[in-house]
Number of protein chains: 2
Amino acid sequence: MAAGRGVTSARVAAELRSRIERGELLPEDRLPSERELSESLHTTRVTSREALKQLEAEGLIYRSNRRGWFVTSQRINYNPSRAAFFMDYVADQGLVPFSRQLLKKRIVADDRLASMLEVSVKAPLVELQRLRGANGRPAYIETIYLPEGRLPGIYECDLERSVSAVMLGDYDQQYAVVELDITVGALSAGQAALLDAPPGYTCLCVRRVVRNAAGEVVEYDLEHWRHDSLNIQVRLDNS
Amino acid sequence: MAAGRGVTSARVAAELRSRIERGELLPEDRLPSERELSESLHTTRVTSREALKQLEAEGLIYRSNRRGWFVTSQRINYNPSRAAFFMDYVADQGLVPFSRQLLKKRIVADDRLASMLEVSVKAPLVELQRLRGANGRPAYIETIYLPEGRLPGIYECDLERSVSAVMLGDYDQQYAVVELDITVGALSAGQAALLDAPPGYTCLCVRRVVRNAAGEVVEYDLEHWRHDSLNIQVRLDNS
DNA sequence: GAGTGGTCTAGACCACCTA
DNA sequence: AGGTGGTCTAGACCACTCG
């Protein structure tokens, strides 16, 4: 039969779960400290932590660096197929989005990037990195690669707010084909620090390859999302 | 700065990672037992386990019930947008697929199902559940709901192998629109047992709503995938 | 029956955050 | 400075699997 989860940690998890469901703990509320929890439920810290990690995996709670555990709130609904603007669709969901550029530089394609973007090795690229989130909480890190050869002068554009906007406006590039690759992974130490998560935190990796009407790759994105902040929604129309 | 992962467990993780990358440990190979590992690397079981769980989160290794830890092999590439047959696309990837029907029965729609399938409450449905995987390892559990009103006689069809096949053949239903909803979650105890995973194991939840050319919902799927067995690939054509 | 992972106890020290 | 989570030690018992 099922290898039953331990009785004690399950009890702690159930207790907290019910407090959340009953509304005693509201989104963004802070949970009791691990030591308090352990004492009041007659167990040890290791066991309480086991329960907390379980609820974290379920997406019910999250931890902030070394400040404590909190109840999660609404996830961001994300439709990676559309060239929608992050700031817009997050605001439409009643959240307050933010976006911070971490990096913008010119690089040349190495083997891996050359094959992903279908350009020759050493072709000039623009690399862009940004941190985005909602309601003051970081949600994902995005790294974007743009082939300068196909988008002349792209480096001079204001890419801070939205690449999609620049594509549509200045380049008249429709997103003809979008290829998505979605996998569960773990955050590196650097990524985790930026996302206010412990190293190794479970994340959703989304890889996007965007092609224009001519079939050329015009954008390659790598996104690392906190697993508890995201809901991917895709709509496919074959008609 | 980054809340650095502990030195010891990181050392154990790095050691195992390098053994895997160097090819000393091959896919499906068994790792040393937790006790051996702890002793040879001069640490305790709790710490070794921390490292093992980290590698598990990264998708490098997995555990089988109480039998031990193993190196993971190739993931299944899955394109949920197409009405492709599981047995076919897995075989195309050089893997040996299997599919086991767990349940097949007639039910009536409750509130939730009625709203998902856009039928009236108490409308007749067929519920189907199956366990699928590759190379002898379970990968996901799928629960399918079919509205009998729109697919008369569907219960009598042989749905064991492929719902898509029956749709295309007997009902001439093209999959006109597919709506996907993808989230990271945790397995319930029952699901975990079927998937040979510990309870609370991280999973990818995929919800599919399929509509025919008339815009009616003809299929509603709920899939729970082991996070280490899956790679979702979607291709969107806006041209 | 021997060995495995799954869980738990009861401590400890550290790095970091907040006041 | 005091409290928080992050990590670690050194044991223990249990449920299960396998030979």
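Atom set for the values below is all heavy atoms of this structure, side chains included, hydrogens, waters and symmetry mates excluded. Chain naming here is simple, since letters A, B, ... match the order of the sequence lines and numbering starts at 1 in each. Just so you know, these numbers come straight off a predicted model, no measurement behind them.
- For the pair Arg132(A) and Tyr140(A), the cation-pi criterion (under 6.0 Å, within 45° of the ring axis) is not fulfilled.
- Contact annotation for Arg63(A): backbone-only contact, meaning every heavy-atom pair under 4.0 Å involves sugar-phosphate atoms and none involves a base.
- When all heavy atoms of Arg130(A) and Ser99(A) are compared, the pair lying nearest together is CD-OG, 4.1 Å.
- Contact between the side-chain N/O atoms of Thr8(A) and the OP1/OP2 oxygens of dT7(C) is not found at any separation under 4.0 Å.
- Separating the CH2 atom of Trp69(B) from the P atom of dT17(D) is a distance of 17 Å, rounded to the nearest angstrom.
- Using a 4.5 Å heavy-atom cutoff, the side chains of Ile61(B) and Ile20(B) are in contact.
- Taking only side-chain atoms of Arg66(B), from C-beta outward, the nucleotide of dG6(D), dT9(D), dT4(C) with the closest atom is dT4(C).
- Atom OH in Tyr201(A) sits roughly 16 Å away from atom C1' in dG6(D) (whole-Å rounding).
- A donor and an acceptor atom never sit less than 3.5 Å apart when one is taken from the side chain of Arg35(B) and the other from the base of dG3(C).
- Not less than 6.0 angstrom separates the ring centroid of Phe98(A) from the ring centroid of Phe86(A).
- Residue Thr47(B) has no polar side-chain atom (N or O) positioned under 4.0 Å from OP1 or OP2 of dT7(D).
- Under the 4.5 Å side-chain criterion, counting only non-hydrogen atoms from C-beta, Leu230(B) is not in contact with Val184(A).
- Between dG5(C) and Arg67(B), no contact under 4.0 Å exists linking OP1 or OP2 to a side-chain N or O.
- Residues Val46(B) and Leu31(B) each lie close to DNA chain C; by heavy-atom proximity, the contact nearer the 5' end of the strand is made by Leu31(B).
- Checking dT9(D), dT7(C), dC17(C) against the side-chain heavy atoms of Asn65(A) singles out dC17(C) as nearest.
- Following rounding to the nearest Å, Arg11(B) (CZ) and dT9(D) (C1') show an atom-to-atom distance of 14 Å.
- For Arg49(B), the side-chain atoms get nearest to dT7(C) when compared with the rest of dT9(C), dT7(C), dG6(D).
- Which of dT4(C), dT4(D), dC18(D) sits closest to the side chain of Arg30(B) comes down to dT4(C).
- One interatomic measurement links the two molecules: CG of Leu37(B) to C1' of dT9(D), which rounds to 16 Å at whole-angstrom precision.
- For dC8(D), one of the phosphate oxygens OP1 or OP2 lies less than 4.0 angstrom from a side-chain nitrogen or oxygen of Ser9(B).
- Remark: P of dG5(C) and CD of Glu50(A) are 16 Å apart, rounded to the nearest angstrom.
- Backbone-only contact: Ser33(B) has heavy atoms under 4.0 Å from sugar-phosphate atoms and none from a base.
- The distance from atom CZ of Arg45(A) to atom C1' of dC8(D) is 11 Å, rounded to the nearest whole Å.
- Rounded to whole Å, atom P of dG5(C) lies 14 Å from atom CG of Asp196(B).
- dC8(D) atom P lies 13 Å from atom NZ of Lys53(B), rounded to whole Å.
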